[in-house]
Amino acid sequence: MRTQVGIVGAGPAGLLLAHLLHLAGIESVVLEAKSRAHVEERIRAGLMEQGTVDILTESGLAGRLHREGLAHEGLELRFDGTGHRIDLKALTGKQVTIYGQQEVVKDLIAARLAYGGALHFDVEDVALHGLETDRPRITYDEAGEARLLDFYIIAGCDGFLGICRPAIPAGVLTAYDRVYPFAWLGILAAAPPASHELIYARHERGFALATMRSPKLSRLYVQCAPEESIDDWSDDRIWAELHARLARQDGADQVNEGPILQKGITAMRSYVVEPMRYGRLFLAGDAAHIVPPTGAKGMNLAIADIRVLARALEVFCRDGGTALLDGYSAKALARVWKAQRFSWWMTSMLHRFDGGDAFEHKVQVAELDYVCRSRAGALTLAENYVGLPFD
Ligand code: RFL
Ligand code: PHB
């Protein structure tokens, strides 16, 4: 029997798509290369736009999110040792929520398993076939056995390093790519966050970000060189950089130390492929685009793609209508490019560029000062940060 939609990848994109399709009465199968424990423990994004929270709420997935998530009505930009608050709520009427991506993934997996939806972990050698036909197929290995499934549609939700995007023949996609000359070293520490709101700091030693996961857990990032190894960063060195970069002129210390529970280095890149479709394969989330994390847009964009794709698939599976599916890539990309622009702008404004001269430094500080002092400047940051409208 043919299942309607095959979904590759059980990240936020793939799992939410499976759930929205289930609510619409459409059957799907989710295939995930890693184990359940691995995807549930992978520490990544933490900041959700209001629209992301709304989608999860409307689809009945946000019980724990509303109990445990931390609502934020503002953020701080810190430069030249002084903090400036951007009042997101006053400027836009919206707020953002801190809730770990792995918690969203846990909630989505629990919901999927509760209604008995197909979700296969630890699958190997996933391969796509017949994408330009109306009977696309997926082959894979599960527990040493070769399997083959038939679908009407395949959703490529397998992240930046997945197999779906590379399964599209050469020459079909146009890729837009920018690699930044720095990376982020991120830690999770058992220490209460020193500030209730996020602090984005620009400092001559490099960028730093103070965020959190709960009232007892801090998540902290420092800009580092992309070729550096995590072994070059002792705990003492990490804390020393955080204290230096988040220091305030008035001497107030805004970093609480505690045992480091996890640490890792993430490269920074902007990347988009167009179109987000080939035949019966539709790409969504990191499989089609990635952003540097400075704007906190990656997971939010993945969820926004799924919102558009799920509606198009509902119409297609109900009566075969293809207009929304045909419009999916253009509609998703219009929003993707605005988030790309915002993420690039935040990254450029807040990081130290080695080799940058005194002129660049002055312009960066002038830009930050403008954003903090001009209502128009602050509003531009705020309306992008809380999330642009979907339509
Ligand atoms: P994911 O989460 O990468 O999920 C893809 C899934 O596909 C699986 N997979 C395969 N499965 C089967 N067969 C194969 N051949 C497969 N190959 C891969 C993978 O195992 C995985 O489970 O993609 P998705 O769903 O598109 O979600 C995207 C988000 O994960 C990503 O954009 C965010 O984490 C980015 N991001 C942030 N986004 C935000 O919205 N707000 C933030 O505050 C934020 N902070 C961040 C971030 C990403 C970071 N890192 C580590 C990249 C902070 C960091 C440090
Ligand atoms: C996070 O909480 O991990 C986080 C928040 C905001 C960002 C990036 C990461 O811009």
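This structure is a prediction, so every number in the text was calculated from the model and none was measured. Just so you know, ligand 1 is whichever comes first in the structure, and atom 1 is the first atom listed for that ligand.
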Decide whether the shortest distance between a heavy atom of Arg213 and an atom of ligand 2 is less than 4.0 Å.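 Yes, Arg213 has heavy atoms under 4.0 Å from ligand 2.
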Looking at [X] and [Y], does any basic side-chain N land under 4.0 Å from a carboxylate oxygen?
X      : Y      : result
Arg237 : Glu228 : yes
Asp122 : Arg36  : no
Arg352 : Glu204 : no
Glu76  : Arg78  : yes

Quick one: which ligand 1 atoms are inside 4.0 Å of a heavy atom on [X]?
X      : value
Lys297 : 39 (C), 40 (O)
Gly11  : 2 (O), 4 (O), 6 (C), 22 (O), 25 (O)
Asn300 : 40 (O)
Lys34  : 20 (O)

Where the closest heavy atom to [atom] is concerned, which of [options] has it?
atom                    : options                      : value
atom 33 (C) of ligand 1 : Gln101, Arg44, Glu124        : Gln101
atom 13 (N) of ligand 1 : Asp125, Val126, Ile265       : Val126
atom 6 (C) of ligand 1  : Glu32, Gln102, Met48, His289 : Glu32

Could you go through residues 43-54 and list every donor-acceptor pair under 3.5 Å that involves a side-chain atom there, pairing it with any protein atom two or more places apart or in another chain?
| unit_1 | atom_1 | unit_2 | atom_2 | d |
| --- | --- | --- | --- | --- |
| Glu49 | OE1 | Arg335 | NH2 | 3.4 |
| Glu49 | OE2 | Lys297 | NZ | 2.8 |
| Gln50 | OE1 | Gln95 | N | 2.9 |
| Thr52 | OG1 | Asn300 | OD1 | 2.6 |

Mind checking whether Tyr221 has a heavy atom under 4.0 Å from ligand 1?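 Under 4.0 Å: yes for Tyr221.
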Contact with ligand 1 for Gly186, non-hydrogen, under 4.0 angstrom: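 In this structure, Gly186 fails to qualify as a contact of ligand 1 - no heavy atom is under 4.0 Å.
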Under 4.0 Å, heavy atoms only, figure out whether ligand 1 is touched by the backbone of Ile290, its side chain, both or neither.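 No part of Ile290 is near ligand 1 at this cut-off.
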Side-chain donor-acceptor pairs of residues 242-252 under 3.5 Å, sequence neighbours excluded:
| unit_1 | atom_1 | unit_2 | atom_2 | d |
| --- | --- | --- | --- | --- |
| His243 | ND1 | Asp253 | OD1 | 3.3 |
| His243 | ND1 | Asp253 | OD2 | 3.3 |
| His243 | NE2 | Glu257 | OE2 | 2.8 |
| Arg245 | NE | Glu241 | OE1 | 2.9 |
| Arg245 | NH1 | Phe207 | O | 3.0 |
| Arg245 | NH1 | Gln223 | O | 2.9 |
| Arg245 | NH2 | Arg205 | O | 3.1 |
| Arg245 | NH2 | Gln223 | O | 3.4 |
| Arg245 | NH2 | Glu241 | OE1 | 3.1 |
| Arg248 | NE | Asp250 | OD1 | 3.3 |
| Arg248 | NE | Asp250 | OD2 | 3.4 |
| Arg248 | NH2 | Asp250 | OD2 | 3.0 |
| Gln249 | NE2 | Asp80 | O | 3.4 |
| Asp250 | OD1 | Ala252 | N | 2.9 |

Looking at Phe353 versus His361, is the centre-to-centre ring distance below 6.0 Å?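 No, too far apart.
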Polar contact flag for Pro293 and ligand 2 (N/O pairs, less than 3.5 Å):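 Yes, since at least one N or O of Pro293 sits under 3.5 Å from an N or O of ligand 2.
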Does any N or O atom in Tyr221 lie less than 3.5 angstrom from one in ligand 2, N or O only?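 There is such a contact, yes.
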